[in-house]
Every structure is written in C-alpha cells, then in structure tokens.
Number of protein chains: 2
Amino acid sequence: MPSDVAREPVAPRPHTGRRRNPAVREAVLKSAADLLAGPDGLTVSMDAIAQAAGVSKHTIYRWWPSKGAVLLEALVERAQQETSIPRTGTLATDVESFLVATFDAVERVAPLFRGLMAEALRDSKAAEGMREFVAARRQGLRALLTHGVEQGELPPETDLELMMDQIYGLMWYHLLITHTPLTEELAVHLARTLIRSAA
Amino acid sequence: MPSDVAREPVAPRPHTGRRRNPAVREAVLKSAADLLAGPDGLTVSMDAIAQAAGVSKHTIYRWWPSKGAVLLEALVERAQQETSIPRTGTLATDVESFLVATFDAVERVAPLFRGLMAEALRDSKAAEGMREFVAARRQGLRALLTHGVEQGELPPETDLELMMDQIYGLMWYHLLITHTPLTEELAVHLARTLIRSAA
DNA sequence: GCTTGCCGAAACTGTCGGTTCCGTCAAGTG
DNA sequence: CACTTGACGGAACCGACAGTTTCGGCAAGC
C-alpha cells in the first residue's frame with residue numbers, strides 16, 4: 001500500500017460531471033410527507049411518491065437505500081424544529097412547555113410517524129433508524145429531568161426512565177392506537193400529574 | 001313479502017354436506033402464532049402460514065376474510081386467559097396484580113401484537129378489530145379503578161382515562177418501540193407509582 | 001346414489017419494493 | 001472545441017405478496 005493512501009484516506013477528487021439537483025431531494029421528501037398525510041396515507045408506494053414528485057424511481061433509489069430511509073429523512077427534516085428547552089422557570093413549567101411543544105410538533109407530522117412505524121415493523125433498518133430518532137428526542141427530556149433532580153425539584157430516587165416511558169408511551173399510544181389528537185390540554189395535564197406525583 | 005319471511009328471517013336450514021374440520025382452524029391459528037414468534041416474524045405471509053399448517057390458502061380464505069383477521073383471531077384465542085381481576089385486597093394490590101398478570105400475558109404473545117399492529121397500519125379493518133380488542137381489555141381495568149374511586153381509595157377527581165393511557169401507552173411503547181421486556185418488576189413499579197401519586 | 005359443501009393443489013391477477021438498461025443532458029476538464 | 005463524469009427520466013423487469021379462481025376429490029347427510 002503506498003503511503004499517500006494513508007495520507008489521503010478518501011480521495012478528495014474535486015467532483016466532475018453534472019451536480020445533484022437539490023430540488024429533487026426537496027420534492028421527494030415533500031411528496032412523501034404530503035402523500036402520507038392524505039387519504040390512504042398508510043399505504044403510500046414508491047411509485048406514487050416518484051410520480052407526485054415528478055421524479056423517476058431510479059433517481060430516488062440513487063439517493064436513498066429504501067422506502068423507510070425516505071420516510072425517516074422526511075420525518076427528521078420536518079421534526080427538527082428544535083423544540084428548544086427554555087429552562088427558565090421551575091421544572092414544572094419547563095416540563096409543561098416541553099410537552100406542549102413536543103405534542104404540537106408531533107401532531108403536525110403524525111402521519112409521518114405512523115408511516116415510518118408501518119415501515120419499521122417490516123424493515124429492521126428502518127426500525128433502527130426510528131429508534132435512534134426516538135432516543136435522540138428522549139435525550140432532551142432526560143437532560144431537563146436530571147437537571148430538575150440536581151436542583152432538588154425532584155427527589156433523587158425518582159425513576160426518570162419510567163417517567164419518560166409514561167410520557168412517550170402515551171404519545172405513541174395516541175398516535176398509533178386510539179388516533180386521538182395530542183392536544184395542548186393533554187400535555188399540560190400529563191406534565192402536572194407526573195411532576196406533582198414525583199415531587 | 002310473505003309473512004313467513006319475517007317469521008324466519010334467516011333460513012335455519014339444518015346444514016347438510018361435509019362438516020368443517022376443526023383441526024384446520026386450530027392448525028392455522030397455531031401456525032400463524034408460531035411463525036410470528038419465530039425469526040422474520042414481522043414478515044409472515046399467508047403462503048407460509050398455509051404451508052406450515054398443512055392447509056391450502058383457499059381454505060384459509062374460506063373462513064377468514066383477510067390476513068389481519070387471522071392474526072386478530074390468533075391473538076384473541078391466545079390472550080383470552082381471563083386475567084381475572086381478584087378484587088380481594090385494596091385497590092393498590094388489585095391494580096398491581098392486574099398489571100403483573102396483564103404484562104405477563106401480553107409478553108407471551110408479544111409477536112402477535114406486533115404482527116397485528118403491522119397489519120393494522122395497512123388495513124383499516126384490522127385496525128378496527130384491534131381497537132375493539134384493546135377497548136375490551138381497557139374495560140377491565142376501568143372497572144377496577146372506578147370501584148376504587150367509589151370505595152374512596154382514589155379521589156373522585158382522578159383522571160382514570162389518563163391513568164389508563166399511561167399504563168397501556170407504556171405497554172405498547174415497550175412492545176413496539178424499545179422492544180424491552182414487560183417484566184413483573186416494571187408492572188409493580190408502574191402500579192405503585194400511579195396509585196401513590198393519585199391517592 | 002345423490003346433493004351439499006369442505007378441502008387441497010395450483011394457476012392466476014394486481015400491486016409493490018427494488019433493480020437494471022438505455023438514452024439524454026448538464027457540468028466541469030483538456 | 002471534444003471528452004469524461006455523473007445526474008436524471010422512462011420503462012421494462014424481477015420476486016414476493018395478498019387475495020381470487022378453477023378444478024377435482026372426498027366426506028356427511030338425504
């Protein structure tokens with residue numbers, strides 16, 4: 001092996017040829033999300049996405065390895081609105097506002113969650129991607145709660161994981177089973193019940 | 001319309017011809033449940049079920065309208081072990097034993113729940129059947145909790161629906177997302193946390 | 001023996017996820 | 001300018017699957 005391979009492990013060739021059209025990416029993700037939100041949203045095919053995006057299926061598979069990957073990226077794209085954690089007031093109000101913001105954001109992309117779940121139940125790759133997404137989301141809430149414990153607003157023996165299971169469990173339960181909306185009222189009620197019981 | 005039609009709205013013809021073989025029904029439901037529990041359980045086909053049961057696909061579709069119906073019936077068959085509610089002790093112990101029994105029963109048919117969920121996300125008929133099943137299960141717990149309110153063991157303003165959402169939400173969350181087992185320890189911990197916080 | 005109806009075998013339809021081939025066109029290089 | 005690289009559309013194609021249909025045989029009752 002020549003030494004310059006080690007010096008340049010990935011060939012930094014400056015890229016020639018036609019460039020990727022960014023409009024294609026946007027159109028595919030947008031069409032996927034829109035179709036999922038429409039009627040028959042739970043049975044959206046790649047052909048339908050390609051047709052709605054005005055793109056050939058061949059192009060989609062050039063940039064995404066599977067249908068699940070498209071749905072996951074569409075979800076990540078729409079859900080990364082940063083639901084920033086204020087952490088200004090007390091733990092009770094912080095958690096409350098976090099849940100309100102989360103439920104509101106999730107509710108707007110609920111069809112994407114359902115579609116990705118349907119895919120995750122058939123494709124282990126999609127399942128893994130979804131689990132990573134969920135875990136990342138969970139990390140934000142965990143930080144909030146551990147901070148609450150450190151501040152003495154929650155007793156140190158509080159089972160934070162159980163609390164998060166109750167929160168996200170209820171969220172998915174509404175999304176997948178009952179199909180009832182994740183209202184602000186529900187978020188407030190849940191947050192108050194959990195914090196009051198633990199403190 | 002002759003009056004005897006109203007008298008006998010459905011012809012009560014005594015059934016002639018060859019009778020249904022009950023072994024077929026059992027074999028199909030058993031094969032469906034077993035295949036779901038095996039590797040690749042989330043992508044079980046009707047052909048595979050028919051082959052494993054030693055039965056032709058034609059026969060399956062004679063008795064069940066769809067794949068979702070087969071899975072639903074297999075689940076109902078295996079889950080109707082009556083998880084009887086003792087209601088002997090206090091509410092706290094009753095709920096605790098109810099959750100322990102429920103988690104144990106559900107854990108043993110977890111693959112069926114996942115398979116049915118996958119089907120419910122594509123077939124609205126299957127989704128409706130699953131919702132009915134879930135609602136029936138929920139009714140048992142609701143009776144237990146309302147009885148607790150009547151006995152003064154829970155304050156009357158307790159939001160029982162929210163409490164049940166937290167319980168079944170957590171259950172489905174573990175089943176579908178995290179894939180972590182529903183242990184007896186978890187059931188006890190959840191029951192105590194919920195009852196203690198409400199009382 | 002005759003009808004009714006259960007059952008298996010197998011071919012078939014339509015749909016879907018994913019792949020492959022071909023032709024075209026855009027962007028950079030000499 | 002010609003030439004190479006690589007993005008893109010169109011369309012055919014493959015294998016798997018849910019669900020249907022056809023045929024032929026077999027068991028239960030009349």
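Owing to the predicted nature of the structure, the values given are computational and were not obtained by experimental measurement. First the proteins, then the strands, lettered A, B, ... as listed; each starts at 1.
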A side-chain contact here means heavy atoms from C-beta on lying under 4.5 Å apart; do R122(B) and L42(A) qualify? no
Taking the side chain as everything from C-beta on, heavy atoms only, tell me whether R25(A) gets closer than 4.5 Å to E77(A). yes
Nearest of [options] to any side-chain atom of [X]?
| X | options | value |
| --- | --- | --- |
| M46(B) | dA18(D), dC8(D), dG17(C) | dA18(D) |
| K67(A) | dG8(C), dG19(D), dG18(C) | dG18(C) |
| V55(B) | dA18(D), dA27(D), dG8(C) | dG8(C) |
| W63(A) | dA28(D), dA7(D), dG17(C) | dA7(D) |
| S45(A) | dA18(D), dC16(C), dA9(C) | dC16(C) |

Indicate, yes or no, whether a donor-acceptor pair under 3.5 Å links the base of [N] to the side chain of [X].
| X | N | value |
| --- | --- | --- |
| K57(B) | dG19(D) | yes |
| R20(B) | dC6(C) | no |
| H58(A) | dC21(C) | yes |

Rounding to a whole Å, what distance do you find between [X]:[atom1] and [N]:[atom2]?
| X | N | atom1 | atom2 | answer |
| --- | --- | --- | --- | --- |
| R122(A) | dG17(C) | CZ | C1' | 12 Å |
| L42(A) | dC16(C) | CG | P | 14 Å |
| N21(B) | dT4(C) | CG | P | 22 Å |
| Q51(A) | dT15(C) | CD | C1' | 14 Å |
| E26(A) | dC8(D) | CD | P | 12 Å |

Could you check whether [X] gets within reach of a base, just the sugar-phosphate, or nothing at all, counting any heavy atom under 4.0 Å?
| X | value |
| --- | --- |
| S66(A) | sugar-phosphate |
| V70(B) | nothing |
| G68(B) | nothing |

Residues R131(A) and E128(A) bridged, charged N to O under 4.0 Å: yes
Salt bridge or not for D159(A) and R192(B), using N-O below 4.0 Å? no
Can you tell me if [X] touches the phosphate of [N], counting only side-chain N or O atoms and a distance under 4.0 Å to OP1 or OP2?
| X | N | result |
| --- | --- | --- |
| R62(A) | dA7(D) | yes |
| R19(A) | dA26(C) | no |
| T59(B) | dG8(C) | yes |
| Y61(A) | dT19(C) | no |
| W64(A) | dG18(C) | no |

Nearest 0.5 Å please: distance from the CG atom of L75(A) over to the CE atom of M117(A). 12.5 Å
